[in-house]
Structure formats: C-alpha cells, structure tokens
J.: 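Got a structure here, written out as structure tokens. Questions coming.
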Amino acid sequence: MAQSVKGTRDLFGGELDWFQRIEDTVRRAFHRHGYSEIRTPILEEIEVFKRSVGESSDIVHKEMYDFFDKGKRHVAMRPENTAGVVRAVIQHQMLATSDPQLLYYIGPMFRYERMQAGRYRQFWQIGAESFQVSTPESEAESLVMLYDFLRELGLTQLTFSINSVGTPECRPAFHEAFRAFFADREAEFCEDCHRRIGENPLRVLDCKNARCQAALEGHPVLVDFLDPASREHHERLKEILTSLGLPFEENPRLVRGLDYYTRTAFEVLSTDLGAQSALLGGGRYDGLVKQLGGPQVAAFGWSIGLDRLVTLMQQLHGKAPRQAPPVLIPLGPAATLKALELARAWWAAGLEVVLETRGAKLKNALTTANRQGAPLALILGDGELEQGVVAVKDLAAGTQETWALATVQERLLDRR
RNA sequence: GCGGAUGUAGCUCAGUUGGUUAGAGUACUGGAUUGUGAUUCCAGGUGUCGCCGGUUCAAAUCCGGUCAUCCGCCCCA
C-alpha cells in the first residue's frame, strides 16, 4: 500500500479543524494590522538559503531538502520563508518607495531531519515580515499583534524571551571578550561548544548541556557591548512592552539559529511540547536584504510553528469546536424532490444543511446524522409533505416537534 | 548525522519455552423496530500478525534486512 513520504502527513478531520481555526484567527489579526499576504514558491535556488540562513547553520549544512531538477538547477524546498520573502521583495522592487511593507505568509516548510514528535520534514509556519520600519515601536506593534492573537486562541501562559544580539559592528568586541572568558574555563565546556566557539561563538550561550550552562556563570553579556543606539533601542523596546503589559523576560543567553539577526531577538518556548519546545521565534535582520542583493533597509519578522501550535491547542482545548449542520431526511421520491428544492433555497440563504441523498431508511439516516453530530434531523415524509410541515427531531434532547414548511428557513436562521 | 524502542482487526491492546483453525473491548453491518438515532437484546465480516528473506517438521513468536512510527541527542518550528 502506498504511504505518505517519510516526515510528511495528511491533514484532515479534527486536526485540520484546528489548522483552519488558527489560520482564520491569524489572518483576521494580520488584516486588522494592515499586513498583506505574500505567497512565495516552495522551491528556491539553494543559494537563496545559503546566503541568508548562513552556511554554518545546521539548517543549511544538514537539514536542507535539496535536489537537482531536470534543468540541472540546484534547488531546495524552503526550510523557512524569510529568505524567500526577501528575495521576492527585492525582485519586485517592493522597496522602491520608502513606505513600510508589512507582509505575512502561511505555508509549508521543509527540513530533511530525523523524525520525532512535533518535528516533521514538512511542517507549517505562519510568519510576519516588516520592511523599512526600524523603531522599537514597530517591533512592539508586531509582538503585540502576535501576543493578542495567541490570547484570542486561548493561550494565556506565554512569556516572551527577548535579547539583543547587537550589530555586526559591535559584535566583534563581544566575541573577543567571550572567547577570553571561554579560554579561561575551556575544560568545562562540551565538545560541541569547542566547535562553536570558533565558527559561531554566540551559539555557545544556548548550549543545552547543563555543565556548559553552569560554566557560563558570569559570562560577558551581549547587552553590555551594544553601541549606544542599539542599547537605547533595546531599552526602549523593554519599556514599551512593560507599559503594554506584555509578559516578557530578558534572556542574555538567547541567540537564534539563523545567522542574519541583528539587535532584537526573541522566542517563546512551551514546556508542553516535549523535547521540541520551540513554538515561535524571530527578530530584527537589518542586514539581510542588502546581503541578498537589495538596498540597505531595516527588517523585522517572526514565525510560529503551526503544527506545534495545533498540538498545544489540542492539549488545552481538545477538539476544535465545530457545529455540524442539521440534516434533511426525505422519505420517498416525492419528498426527495421537494427536499432538493427546499435545501437549495436554504443554501442560497446561507444556511448549512446536509441533504440525505442515499434514499436511506430513516433508521440509518438518523444513525448517520447522529454520528456526524447533527443537532437536528428534519424528516420529510409523504405525510408531512401533504400537510406542508416537517418533523424536526432534536438529536441531543430526543424531543420532536412539527414545523410548518414556510417557517423552517427563518427558524434555522434564528438558531445560528 | 548518532543512540534506544515499537509495529497484531478501522481504533486501543492481549497473545505462554516456537505448536494445530489468532483473541478482548470499542467501532462497524444486519435483525428485534417496513417512519425514529443516541440506551438495551440477538446474530455476524472483523486480519497479507508492517514488508522481504532466513532457520525449523512447524514462525505473530527466533534471526537478518527493509519500511514506518515513537523516544533521546544534535538542531529547530
């Protein structure tokens, strides 16, 4: 039997209900805030990712879902969407004016990884990217949008971790101080950290190894090395978030897995997700657009793991609330024809109604209606047809009454 | 990329040191009830025991390979 490709899965039923509910909620939030959707290709030239995400990152050297197409082009399935959005923004000259560009995306991403709960080779992300806005106020606006729609979805126990990773100008001084700190207690760090200290010292800070975390006690703090403008930026952001009541904590060891971040970096972890605890993350990336061949512009963005958000929602709220429509059950050819006419009018009026078209016996029709969670069964037999009524059974209560046909549409509309 | 487990009915799972025709609950189908579901009673399919190969008189059981899933590491969403 054919099976879905390793690490991919089919979405349907109760799980898809949550995907759709979240997508609806998030789209409304984006539109309220003036963000426009962008849809970029799943396939990009691999260079787009190598040049943005960073050669040294695991995403590029280990997890890229790449291949050569029939034209011998080296392409990759996008492992994240920021690089593609930046490529598109440059390609279509969307930064020709100095106006802000506020964009969002919802779509599948691909990473070639070992399977584990909450980690898939095809997974879904929702993300926002804003260009040509550089203020801490703009970051706060984006974070508040994020926080508010998560609250709207019923997630109330979230805390943002934030940090500033500085700029390419002030980072060398930190690297120097940090390498000196590292050298003093080299033996206490793990093998991986010895590798990291050479190619990407920041990554030592978020090593999961408990010994390394202990060894980091008293380490030089990035924020102390910020240039005055970056420091002011960071302080102002915290001030705004505090005054808005958005729960956050400063985490001096927070760094991100992608190389392009500058100044603000943040993430949200959830202990309810097992080992794959990252729910969302993002930050500022003022150098990336230029790095990919565009103008020097400010940029800020984040992405959230939709699959993991769904997992959380299921843990918190169980099944997505969904009201099945009433079922119209005609008995016999004459009633069936009439039922088609009636249902057609109701559909045109915007009502949700399922029509029993199998010619099933009433017993079976009711069994099916009950199984699908229909609140009402509207039974139309020859007797009802003759009297111009329909028998309406409340499947939860087990009660039954008779409605005049002429009033059914209105009464169904009232029930919504 | 590294390490450890699991795979039996649609679902959740039993299955003895290898032994005859493979089980339970639930779900499903039909009937008791030809126009009344969910509750009750009766009857009934429930199946390539993941797949391929090997050992054996005999394999769901032992061995090898393979695929898939799960857990940990790395990393991330």
Side-chain angles (χ1 to χ4, degrees), chain A residues 1-9 13 53-54 56-64 78-82 105-127 190-193 195-196 200 203 206-210 212 255-259 267-270 273-282 301-312 324 327 329-332 335 356 360-385 390-401:
Chain A
M1 184 174 43
Q3 280 185 333
S4 52
V5 169
K6 185 184 180 82
T8 69
R9 64 210 177 107
V53 174
S56 72
S57 74
D58 276 16
I59 290 180
V60 165
H61 81 252
K62 201 172 82 179
E63 299 165 358
M64 199 74 90
R78 59 188 189 192
E80 53 101 51
N81 206 183
T82 298
Y105 59 82
I106 299 176
M109 310 296 157
F110 301 82
R111 291 181 197 174
Y112 199 88
E113 296 190 274
R114 265 304 265 283
M115 291 300 299
Q116 214 173 311
R119 193 171 68 184
Y120 310 100
R121 288 185 174 178
Q122 175 177 341
F123 60 100
W124 290 71
Q125 282 189 340
I126 297 175
C190 70
E191 219 175 293
D192 286 328
C193 283
R195 177 175 52 78
R196 293 188 187 108
N200 196 346
R203 302 307 320 246
D206 73 341
C207 181
K208 304 289 189 304
N209 189 316
C212 295
V255 297
R256 308 245 44 237
L258 292 72
D259 291 350
E267 60 188 28
V268 172
L269 308 181
S270 172
L273 290 171
Q276 311 304 319
S277 60
L279 176 63
L280 66 93
W302 47 259
S303 68
I304 181 165
L306 186 45
D307 310 75
R308 291 179 186 178
L309 184 53
V310 166
T311 301
L312 275 184
V327 176
I329 305 169
L331 303 169
E356 170 58 64
K361 288 189 286 192
L362 180 58
K363 175 182 162 67
N364 293 334
L366 285 171
T367 301
T368 299
N370 186 60
R371 212 148 40 205
Q372 296 181 346
L376 295 180
L378 284 62
I379 305 164
L380 187 67
D382 289 337
E384 285 83 4
L385 199 56
V390 63
V392 179
K393 178 155 191 152
D394 183 322
L395 291 173
T399 56
Q400 187 166 322
E401 47 190 55

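Naming convention: chains lettered A, B, ... in sequence-line order (proteins, then strands); numbering from 1 in each chain.
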J.: Pairs under 3.5 angstrom, nitrogen or oxygen only, protein versus nucleotides 32-35 of chain B, please.
T.:
from  : atom 1 : to       : atom 2 : distance (Å)
B:G35 : O6     : A:Glu384 : OE1    : 3.1
B:G35 : N1     : A:Glu384 : OE1    : 2.9
B:G35 : N1     : A:Glu384 : OE2    : 2.9
B:G35 : N2     : A:Glu384 : OE2    : 2.9

J.: Expressed as a whole number of Å, how far does the P atom of B:G30 sit from that of B:G72?
T.: 44 Å

J.: Between the base of B:A77 and the side chain of A:Arg119, is there a donor-acceptor distance below 3.5 Å?
T.: no

J.: Would you list the atom pairs, donor with acceptor, under 3.5 Å between side chains in residues 367-375 of chain A and any protein atom, with sequence neighbours excluded?
T.:
from     : atom 1 : to       : atom 2 : distance (Å)
A:Thr367 : OG1    : A:Lys363 : O      : 2.9
A:Thr368 : OG1    : A:Arg358 : NH2    : 3.0
A:Thr368 : OG1    : A:Asn364 : O      : 3.1

J.: Mind checking what makes side-chain hydrogen bond (donor to acceptor under 3.5 Å, both in side chains) contact with A:Arg114, not counting sequence neighbours?
T.: none

J.: When the nearest nucleotide of RNA chain B is assigned to A:Lys393 and to A:Ile304 on a heavy-atom basis, which residue is associated with the more 5' position?
T.: A:Lys393

J.: Roughly how far apart, to the nearest Å, are B:U69 and B:U26 at atom P?
T.: 31 Å

J.: Can you sort out the partners of A:Asp394 under salt bridge (Lys or Arg N to Asp or Glu O under 4.0 Å), two or more places apart, ordered by chain and number?
T.: none

J.: Tell me whether the side-chain N or O atoms of A:Glu113 pair up with the base of B:A77 as donor and acceptor below 3.5 Å, since no angle test is needed here.
T.: yes

J.: So, using side chain to side chain contact (heavy atoms under 4.5 Å, CB included) as the criterion, who are the partners of A:Glu113 when residues are at least two apart?
T.: A:Glu63, A:Arg111, A:Arg119

J.: Can you tell me how far P of B:C76 sits from CG of A:Leu306, to the nearest Å?
T.: 21 Å

J.: Can you list the residues that meet the salt bridge (Lys or Arg N to Asp or Glu O under 4.0 Å) rule with A:Glu401, with sequence neighbours excluded?
T.: A:Arg411

J.: Indicate whether OP1 or OP2 belonging to B:A77 is found under 4.0 Å from a side-chain N or O atom of A:Arg256.
T.: yes

J.: Quote, to the nearest angstrom, the C1' distance that separates B:G10 from B:A5.
T.: 25 Å

J.: Counting only side-chain heavy atoms from C-beta out, which of B:A77, B:U29, B:A38 sits nearest to A:Arg371?
T.: B:U29

J.: Counting just side-chain N and O atoms, does A:Gln116 come under 4.0 Å of either OP1 or OP2 of B:G72?
T.: yes

J.: A:Trp124 stacking on B:A77: centroids under 5.5 Å, ring planes under 30°?
T.: no

J.: Please tell me which of the listed nucleotides, B:C76, B:G37, B:C74, lies nearest to the side chain of A:Ala278?
T.: B:C76

J.: Can you list the residues that meet the side chain to side chain contact (heavy atoms under 4.5 Å, CB included) rule with A:Arg203, with sequence neighbours excluded?
T.: A:Arg196, A:Asn200, A:Asp206, A:Val255

J.: My validator wants the stems of RNA chain B: runs of 3 or more consecutive Watson-Crick or G-U pairs, both distances under 3.5 Å, written as range with range.
T.: B:1-7 with B:67-73, B:10-13 with B:23-26, B:28-32 with B:40-44, B:50-54 with B:62-66

J.: Expressed in whole Å, how much space separates the P atoms belonging to B:U61 and B:A22?
T.: 14 Å

J.: Please identify each residue that fulfils salt bridge (Lys or Arg N to Asp or Glu O under 4.0 Å) with A:Arg121, with sequence neighbours left out.
T.: none

J.: Measure the distance from OH on A:Tyr120 to P on B:U69 and round it to the nearest whole Å.
T.: 11 Å

J.: Counting any heavy atom closer than 4.0 Å, what does A:Gly7 reach on the DNA or RNA strands: base, sugar-phosphate only, or nothing?
T.: sugar-phosphate

J.: Between B:C41 and B:U8, how far is it from one C1' atom to the other, in whole Å?
T.: 31 Å

J.: Write down the atom of A:Met109, the atom of A:Asn81, and the distance for their closest heavy-atom approach.
T.: CE-CB, 3.4 Å

J.: If we take the P atom in both B:U46 and B:C57, what is their distance in whole Å?
T.: 32 Å

J.: Toward the 5' end of RNA chain B, which comes first, A:Gly305 or A:Thr399, by nearest nucleotide?
T.: A:Thr399

J.: A:Lys62: what forms a salt bridge (Lys or Arg N to Asp or Glu O under 4.0 Å) with it, not counting sequence neighbours?
T.: A:Asp58

J.: Strictly distance-based, threshold 3.5 Å: is any side-chain N or O of A:Arg9 a donor or acceptor partner for the main-chain N or O of A:Ser4?
T.: no

J.: Write down the distance between NZ (A:Lys6) and C1' (B:A68), rounded to a whole number of angstrom.
T.: 7 Å

J.: Output the single nucleotide from B:U36, B:G30, B:A77 whose closest atom is nearest the side chain of A:Asn364.
T.: B:G30

J.: Looking at every non-hydrogen atom in both residues, tell me the closest pair between A:Tyr105 and A:Ser303 and how far apart they are.
T.: OH-CB, 3.4 Å

J.: Looking only at atom C1', what distance separates B:U36 and B:A32, rounded to whole Å?
T.: 15 Å

J.: Report yes if some heavy atom in the side chain of A:Tyr120 is under 4.5 Å from a heavy atom in the side chain of A:Met115; otherwise report no.
T.: yes

J.: What heavy-atom pair brings A:Leu376 and A:Leu378 nearest, and what distance separates the two atoms?
T.: CB-CD1, 3.9 Å

J.: If you measure from the C1' atom in B:A9 to the same atom in B:G23, how many Å do you get, rounded?
T.: 10 Å

J.: Strictly under 3.5 Å: I want the nitrogen or oxygen pairs between protein and nucleotides 3-7 of chain B, one per line.
T.:
from : atom 1 : to       : atom 2 : distance (Å)
B:G3 : O6     : A:Arg114 : NH2    : 3.3

J.: Can you tell me the distance, in whole Å, between the CG atom of A:Asp192 and the C1' atom of B:G72?
T.: 15 Å

J.: Using whole Å, what does the distance between atom C1' of nucleotide B:C74 and atom CD1 of A:Ile59 come to?
T.: 13 Å

J.: Would you mind reading off the distance between A:Glu63 atom CD and B:C73 atom P, rounded to a whole angstrom?
T.: 15 Å

J.: Residues in side chain to side chain contact (heavy atoms under 4.5 Å, CB included) with A:Leu362, at least two apart?
T.: A:Ile329, A:Leu331, A:Leu366, A:Ile379

J.: Whole angstrom is fine here: how far is it from OH in A:Tyr112 over to C1' in B:A77?
T.: 19 Å

J.: Could you tell me how far apart A:Met115 (CE) and B:C76 (C1') are, to the nearest whole angstrom?
T.: 14 Å

